[in-house]
Amino acid sequence: MENDTDLTGLDPGAAREYVLGYITALRITGKKRQRMEASLKTWEERIKQATEAGNTTLRDTARNEMQRIQDGLGRVAFEESELSAQVEVMKRHLKSMQHGPVVNADAEALLAQLQSITGEPDTLKSDLNRLGAEQRADEELEALKRRMAKGE
């Protein structure tokens, strides 16, 4: 039962749809149980009528049918109670999801994931700045050498 009620990994909209599916199944099962209970009453009345009429064959046939319905009713009632319990658990989970997500973020893992998607950070600008600085230093060195050569 616990695996069916686990809503982790679902966004609130998808979780709501999932829970609604279970609620729908619960209501359908409830209606089925009600129809079976009504049918059970009908067969009880038929047994009573067959007994009053003294028709043992008809009475036994009606009892067999009533027993078959009772067996099915037990299974449907059990299914309905299981669905009801599952829906209650999922409703609690859904309410907790609506109160806000719990964020457990590992910054390094997120950075690694982002870098795997986007690639390494762009170093072109820093490389250009470094080259520009080196070029200016070379130019200043050459200017200094020329001044020194003139002063000799």
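Quick note: numbers below take in every heavy atom, side chains included, and nothing from hydrogens, waters or symmetry partners.
E80 and L26 make their closest contact through O-CD1, 3.4 Å (heavy atoms, listed as atom of the first residue, atom of the second, distance). Taking each heavy atom of L94 and P12 in turn, the nearest pair found is CD1-O, 4.1 Å.
Both I47 and M36 belong to a single network of hydrophobic side chains, linked directly or stepwise wherever heavy atoms of I, L, V, M, F, W or Y lie under 4.5 Å apart. Clustering ILVMFWY residues whenever any of their side-chain heavy atoms sit less than 4.5 angstrom apart, transitively, puts L58 in a cluster other than the one holding W43. No continuous path of ILVMFWY side-chain contacts below 4.5 Å connects V76 to L83, so the two sit in separate hydrophobic clusters.
A distance of 10.0 Å separates CD in E17 from CG in D11, rounded to the nearest 0.5 Å. Put simply, CD on E88 and OG1 on T5 are 12.0 Å apart, with the number rounded to the nearest 0.5 Å. Here the CE-OG1 distance, from M66 to T61, works out to 13.5 Å after rounding to the nearest 0.5 Å. Between the NZ atom in K125 and the CG atom in D127 there is a gap of 12.5 Å [rounded to 0.5 Å].
For the pair T24 (side chain) and L20 (backbone), a donor-acceptor distance under 3.5 Å is present. The closest donor-acceptor contact from the side chain of H93 to the backbone of D6 lies at 3.5 Å or more, if one exists at all.
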Open item on the list: Checking E134 against R130 for the salt bridge (Lys or Arg N to Asp or Glu O under 4.0 Å) test, could you report, in this order, the C-alpha distance in whole Å, the side-chain angles of both residues, the deciding distance, and whether it holds?
Closed with: CA-CA 6 Å; E134 288 176 4; R130 185 179 46 81; 3.3 Å; yes

Passes side-chain contact (heavy atoms from CB on, under 4.5 Å), L10 versus R16? Steps please. CA-CA 9 Å; L10 296 176; R16 193 173 17 263; over 6 Å; no

Item to complete: Kindly determine whether I28 and K32 satisfy side-chain contact (heavy atoms from CB on, under 4.5 Å), including the steps that lead there.
Response: CA-CA 6 Å; I28 290 170; K32 184 176 181 180; 5.6 Å; no

Exercise. Please walk me through it: do R33 and E37 pass salt bridge (Lys or Arg N to Asp or Glu O under 4.0 Å)?
Worked result: CA-CA 6 Å; R33 181 190 43 78; E37 288 172 345; 3.1 Å; yes

Hey, mind stepping through R35 and K31 against side-chain contact (heavy atoms from CB on, under 4.5 Å) and telling me if it holds?
CA-CA 6 Å; R35 285 191 308 272; K31 296 283 185 188; 3.8 Å; yes

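Residues Q67 and Q70 meet the side-chain proximity criterion, which asks for heavy atoms closer than 4.5 Å. Residues E44 and L40 are in side-chain contact: their nearest non-hydrogen atoms beyond the backbone lie under 4.5 Å apart. At least one side-chain heavy atom of L7 sits under 4.5 Å from a side-chain heavy atom of V19. The shortest side-chain heavy-atom distance between R75 and E79 does not fall under the 4.5 Å cut-off. Looking at heavy atoms from C-beta onward, K48 lies in side-chain contact with E52 at the 4.5 angstrom threshold.
Under the 4.0 Å criterion applied to side-chain N and carboxylate O atoms, E139 and R136 are not assigned as salt-bridge partners.
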